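Reviewing the structure listed below.
Ligands are counted one by one from 1 in listed order, and the atoms in each one are counted from 1 as well. Positions are given from 1 along the sequence. The structure displayed is predicted, hence computed values, not measured ones.
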Amino acid sequence: MNVEPTTFSAEDYFATQPPPSTLHHDVEQVKNFVARQAKEGRKVVLVTSGGTTVPLELNVVRFLDNFSAGTRGATSAEYFLKAGYAVIFMHRQFSLQPFSRHYSHSTNPFLDFLEIDRDGFQVDSTPRISVTPEKREDLLEVLNTYKAVHAAGTLHSLTFVTVNDYLWLLRALSQELAVLRRNAMFYLAAAVSDFFLPRQKMSEHKIQSGKGSLHIEMDQVPKILGSVVDEWTREGFVISFKLETDPALLIPKSCAALERYGHQVVIGNDLHRRKHEVVFVSRKLLPSLPPGAHPEPTTAVTDVDGDVPAWDTLSDTFSEYWLRIDIPDSTVPASQVKEIEEDIVTELVKRHSAWIQQSVPSEVSR
Ligand code: PAZ
């Protein structure tokens with residue numbers, strides 16, 4: 001099949017790619033959650049977390065994926081809850097989740113610290129199960145917080161798998177969160193594929209290996225951050241993440257994203273240093289512009305896929321703020337290791353409050 005690659009606008013995308021079957025149900029639940037949080041006067045953050053897949057066939061046998069385990073999103077969600085936010089945790093199915101992440105099957109398998117007490121008190125003939133004494137304190141702390149969050153009803157989780165699920169959900173949830181106006185924050189930490197195979201170009205059945213090599217031409221995923229900011233939730237406080245492996249690209253690419261989408265913060269991170277170093281990039285002065293209005297374009301940031309502008313040409317317009325923590329010694333128990341997400345969330349909570357205070361008069365806002 002020889003079909004030319006297409007450049008999809010967000011509008012074309014949603015007009016041609018089908019929504020996930022669970023969308024309506026997911027949105028209804030989020031609507032109720034948001035209404036309850038609004039009534040109880042809480043700020044709400046939408047945290048996206050984990051990687052998206054790109055299926056290659058309609059009856060999916062193979063798909064493209066990426067490395068993200070969802071650590072950033074799950075960890076940050078816990079700190080947002082601690083800071084008093086209600087959290088909508090939109091994550092890749094089976095990726096890490098708040099609280100249970102502490103007992104991930106690969107790093108801290110739960111079964112390893114349970115003990116069977118055959119001599120202990122038994123209600124029936126079943127032996128009692130207990131937690132290894134040295135693990136009790138940490139487990140109790142996590143469990144207490146987890147139970148308190150459940151009782152308060154401040155965490156709502158929902159899942160995506162494919163990039164298509166992700167795009168439809170993000171659009172729908174942004175529209176739902178718009179009612180919160182400036183009290184909504186978007187923390188877009190998911191690793192979202194830049195390329196996809198439109199349904200119309202997918203093979204129905206498993207791609208056969210008979211032809212030897214496999215050639216697939218993918219289309220570009222539309223840049224929907226612009227629609228989040230300009231159309232779906234015009235007053236939200238929006239943070240996107242930028243992951244790079246070439247450190248020289250981190251700042252220019254982050255500036256280019258701010259320039260293009262007009263949101264509030266880009267958090268840049270290098271693949272290998274992301275757990276102990278991130279950079280916040282934002283516009284120097286956040287002018288009190290009406291929602292949807294973009295600041296004047298900066299000529300220094302035009303095409304970061306071409307020449308990379310030097311920081312001294314960008315620094316008039318953008319500010320960089322680095323957060324760093326020490327690389328933990330391997331002997332420190334996991335529960336005592338400092339997590340950079342704690343500092344990320346503290347900084348964002350501060351900036352979000354300032355953003356709410358600069359609120360524009362309501363007649364300008366809509
Ligand atoms: O999920 P994780 O903790 O392993 O990784 C987090 C991350 C690197 C995916 C996130 O911090 C990030 O940069 N997300 C955006 C990636 C992107 O540029 O699309």
Side-chain angles (χ1 to χ4, degrees), residues 45-54 64-80 89-102 104-107 157 159-163 165-167 170 185-196 218 220-226 228 238-258 260-261 263-281 304-305 320-325 327-328 334 337-345 347-348:
V45 56
L46 170 67
V47 175
T48 70
S49 182
T52 59
T53 68
V54 178
L64 228 66
D65 203 347
N66 71 51
F67 73 96
S68 170
T71 313
R72 174 82 81 220
T75 310
S76 305
E78 284 183 26
Y79 288 108
F80 277 119
F89 186 64
M90 177 180 144
H91 68 104
R92 163 73 180 276
Q93 187 182 37
F94 309 132
S95 65
L96 293 178
Q97 293 191 53
F99 308 112
S100 67
R101 74 179 172 101
H102 298 276
S104 136
H105 62 278
S106 52
T107 54
S157 300
T159 60
F160 58 82
V161 176
T162 65
V163 65
D165 299 342
Y166 173 90
L167 295 173
L170 182 61
M185 190 197 287
F186 294 78
Y187 184 83
L188 307 176
V192 183
S193 175
D194 286 327
F195 303 101
F196 81 115
M218 294 198 170
Q220 211 178 16
V221 168
K223 304 287 183 195
I224 67 161
L225 191 50
V228 172
V238 180
I239 300 110
S240 70
F241 278 77
K242 177 63 71 190
L243 176 74
E244 292 296 339
T245 54
D246 176 354
L249 291 181
L250 207 51
I251 300 275
K253 285 265 187 178
S254 300
C255 295
L258 286 174
R260 184 168 188 176
Y261 307 117
H263 58 306
Q264 284 69 47
V265 183
V266 176
I267 300 183
N269 50 177
D270 174 273
L271 179 66
H272 303 293
R273 303 174 65 77
R274 70 188 191 282
K275 291 191 193 273
H276 50 92
E277 181 183 277
V278 297
V279 58
F280 283 53
V281 183
V304 286
D305 292 325
E320 55 174 317
Y321 174 74
W322 289 87
L323 275 180
R324 292 188 177 94
I325 59 170
I327 301 174
V337 170
K338 164 87 180 170
E339 295 173 311
I340 196 164
E341 287 78 8
E342 181 176 7
D343 294 349
I344 295 177
V345 169
E347 180 62 24
L348 289 176

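- When each of I267, V265, V266 is tested with F241 by the rule side chain to side chain contact (heavy atoms under 4.5 Å, CB included), just one qualifies, namely I267.
- Which parts of ligand 1 touch T71 is read off a 4.0 Å heavy-atom cut-off, strictly below it: atoms 1 (O), 2 (P), 3 (O).
- For the pair L243 and ligand 1, the shortest N or O to N or O distance falls below 3.5 Å.
- Partner R101 forms a side chain to side chain donor-acceptor pair (under 3.5 Å) with one of T107, T71, T75 and no other, that one being T75.
- Looking at A190 against ligand 1, only its backbone comes within 4.0 Å, counting heavy atoms.
- Annotation: F94, atom CZ; neighbour count of heavy atoms from other residues, nucleotides and ligands within 6.0 Å does not exceed 12.
- At under 3.5 Å, not a single nitrogen or oxygen of A191, backbone or side chain, sits near a nitrogen or oxygen of ligand 1.
- Of all protein heavy atoms, the one lying nearest to atom 14 (N) of ligand 1 is A189 O, 3.0 Å.
- Given atom 1 (O) of ligand 1, the protein heavy atom at minimum distance is S68 OG, 2.6 Å.
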Worked check of side chain to side chain donor-acceptor pair (under 3.5 Å) between S240 and Y261:
CA-CA 10 Å; S240 70; Y261 307 117; over 6 Å; no

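- If you check which protein heavy atom lies closest to atom 8 (C) of ligand 1, you get R274 CD, 3.5 Å.
- Nearest to atom 12 (C) of ligand 1 among the protein's heavy atoms is F241 CB, 3.5 Å.
- Between the OH atom of Y187 and the OG atom of S49 there is a distance of 9.0 Å, given to the nearest 0.5 Å.
- Contact annotation: the side chain of R92 approaches that of V161 to within less than 4.5 Å [non-hydrogen atoms, C-beta and beyond].
- Counting only distance, with no hydrogens or angles, the side chain of Q264 and the backbone of V238 share a donor-acceptor pair below 3.5 Å.
- Below 3.5 Å of separation, one finds an N or O of R72 facing an N or O of ligand 1.
- The part of N269 lying near ligand 1 is the side chain, judged by heavy-atom distances below 4.0 Å.
- You'll find the side chain of F196 stays beyond 4.5 Å of the side chain of T52, heavy atoms only.
- For ligand 1, one of its N or O atoms has an N or O atom of G70 under 3.5 Å away.
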